[in-house]
Amino acid sequence: MAEVKYVFVTGGVTSSLGKGIISASLAKLLQSRGYSVTIQKLDPYINVDPGTLNPYEHGECYVTLDGAETDLDLGHYERFLNVPTSQANNVTTGRIYQSVINKERKGDYLGKTVQVIPHITDEIKRRIKLVSSGNKYDIVLTEIGGTVGDIESLPYIESVRQLKWELGAQNCLVIHLTLVPYLSSTGESKTKPTQHSVKELLETGIQPDILVLRTDRHLNTDLKRKVALFCNVEENAVIESVDVSTIYEVPIKMHEQGLDKTVLRKLALSDENEPKLDEWREFLTKLKNPKNSIKVGIVGKYVELPDAYKSIAESFIHSGAMNECEIDIEYIHSEDITESNMTDRLSGLNGILVAPGFGSRGIEGKVLTARFARENNIPFFGICLGMQCAVIEFARNVLKLDGAHSTEINHKTKYPVIDLMEEQKSISDKGGTMRLGGYKCVISKGSKAFEAYGKTDIIERHRHRYEFNDKYLHDFEKNGMLAVGKNPESGLVEIMELKDHKWFIGVQFHPEYSSTVVNPHPLFLSFVKACMS
Ligand code: GLN
């Protein structure tokens with residue numbers, strides 16, 4: 001069996017250049033040429049996973065089907081490649097140290113002094129190879145988080161150097177992403193930061209094979225030649241990545257400059273099969289030529305940082321394109337919504353999505369939003385905490401259970417319509433202990449959810465501790481809010497839906513994690529349709 005090939009993507013000059021998008025785009029191109037590809041992200045922070053991070057710190061926490069709480073870049077990987085990632089696709093420094101320290105405590109190092117080199121770097125290399133164990137993939141792309149030169153990234157960079165040496169140039173290559181800023185005072189694009197960044201990489205023993213230059217305007221051939229000469233790379237291995245209107249255009253831009261061809265040639269792989277990108281291009285055409293437009297409000301408490309709702313925003317892009325509809329998203333701070341201003345703030349929207357979240361801040365604004373949508377027959381989509389808020393609202397205002405709440409917010413409420421799941425009651429650790437990953441759900445025929453999915457048996461990803469309190473189900477259903485989706489094993493309520501409403505669905509799971517370009521999520525598709533009509 002052919003050996004697995006490794007491609008590493010590092011970043012220089014500054015963070016936020018879009019390594020994740022470049023990695024996902026290259027992976028898409030290689031996949032569309034018939035190679036099996038996966039992408040892995042190595043994060044330099046000490047948290048064991050990003051599950052314990054506040055979204056303000058690091059944007060959304062993405063959840064894989066196998067229940068890993070991961071970096072939001074994994075969402076991009078799945079949206080581009082349309083194949084699930086797993087626990088092994090995201091590794092943090094915290095996780096690396098945790099395994100090394102656990103081994104040390106077990107005595108596995110046989111009296112040796114445990115050090116960054118070789119023990120930490122060996123563990124990093126083991127994790128890199130683990131993704132493709134059993135030669136599952138032809139090519140593994142590994143994105144190194146952070147910026148070259150950061151103290152925290154050093155063990156990762158050193159591991160890449162070692163792997164390059166161990167595996168040989170044809171099995172392992174490094175793509176370095178940098179920034180070429182434009183100075184308006186002199187009217188020039190400057191290459192010096194790139195030169196310095198490559199020098200920094202060279203000091204660690206790595207000669208990058210390919211350079212991708214982020215820029216806000218086209219770079220001329222002379223400039224690219226200069227970068228090639230000064231940075232010691234082939235001329236056709238200097239690729240520009242000019243700002244584009246949508247991230248989904250990046251694969252096309254990279255292909256036009258032959259990034260995929262250069263990578264395959266360097267890895268001694270065949271470039272005979274041209275990439276099959278028809279479906280992708282069709283999506284782009286639809287995305288860029290909408291026939292309708294709608295305005296959807298996303299009500300949440302992290303709206304200052306739209307990355308906190310990345311997967312939701314991307315799901316709207318997928319479902320909007322499929323419906324040939326432009327979706328203008330208005331992010332609305334749930335703390336800003338009050339009884340007196342809600343009509344002002346929320347009318348004019350074609351649909352409202354109440355976002356997931358934790359804790360009490362902004363909760364009443366979400367509850368009010370659910371009421372406004374219910375009373376005014378506005379399409380409403382509640383995700384996780386969003387569903388729980390719709391339940392709380394219905395209990396208070398329709399069932400007249402005064403002060404009904406979730407015990408997450410008020411543990412003394414007289415009417416705990418949302419309560420801690422039984423298996424959560426004995427858990428005190430916060431990291432990795434929620435109900436996580438894919439769980440089955442059976443949908444009732446005749447419901448709007450069933451209409452959207454077109455089937456009864458689904459699997460959706462979860463990330464929560466609280467659930468709908470079954471004790472109240474009879475009352476809810478009698479009054480028109482139905483549990484139309486349930487877990488077949490535990491009986492947990494997964495989907496709530498209003499009977500007499502245009503489109504009012506709350507889901508305990510996170511549909512946004514599984515929407516991709518070629519497979520927009522059915523609930524988003526159906527919600528957008530409802531908003532359009
Ligand atoms: N905080 C709620 C819970 O734990 C909802 C979580 C979420 O929205 N992801 O159940």
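In each ligand, atom 1 is the first atom listed, and ligand 1 is the first ligand listed.
- Taking distance alone, with nitrogen or oxygen atoms compared against 3.5 Å, Gly357 approaches ligand 1 more closely than that limit.
- Of all atoms in ligand 1, numbered sequentially from 1 with element shown, those under 4.0 Å from a heavy atom of Arg465 are 3 (C), 4 (O), 10 (O).
- Residue His510 places a heavy atom under 4.0 Å from ligand 1.
- The closest donor-acceptor contact from the side chain of Ser526 to the backbone of Leu523 lies at 3.5 Å or more, if one exists at all.
- The closest approach between any non-hydrogen atom of Gln508 and ligand 1 is not below 4.0 Å.
- Listed by atom number, the atoms of ligand 1 under 4.0 Å from Glu408 heavy atoms are 1 (N), 2 (C), 3 (C).
- Each of Tyr453, Phe381, Phe316, Phe527 was scored for a ring pair (Phe, Tyr, Trp, His ring centres under 6.0 Å) with His521, with one residue passing: Tyr453.
- The distance from ligand 1 to the heavy atoms of Phe358 drops below 4.0 Å at these ligand atoms: 1 (N), 4 (O), 6 (C), 7 (C), 9 (N).
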For this session: Just do the side chain to side chain donor-acceptor pair (under 3.5 Å) check on Asn519 and Thr516 with the steps written out, would you?
Result: CA-CA 5 Å; Asn519 257 331; Thr516 71; 4.7 Å; no

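- The pair Arg371-Glu393 does not count as a salt bridge, with every side-chain nitrogen at least 4.0 angstrom from each carboxylate oxygen.
- A cation-pi contact, defined as under 6.0 Å to the ring centre and within 45° of the axis, links Arg435 to Tyr439.
- The six-membered or imidazole ring of His318 lies near that of Tyr248, with a centre-to-centre distance under 6.0 Å.
- Comment: Asp243 engages Arg214 in a salt bridge, judged by a side-chain N to carboxylate O separation of less than 4.0 angstrom.
- In this structure, the protein non-hydrogen atom closest to atom 10 (O) of ligand 1 is Tyr466 N, 2.9 Å.
- At a 4.0 Å heavy-atom cut-off, ligand 1 touches His464 through backbone and side chain alike.
- Close contacts between ligand 1 and Cys384 involve ligand atoms 5 (C), 6 (C), 7 (C), 8 (O), 9 (N) [criterion: under 4.0 Å to a heavy atom].
- Those atoms of ligand 1 that come under 4.0 Å of a heavy atom in Arg463, given as number and element, are 6 (C), 7 (C), 9 (N).
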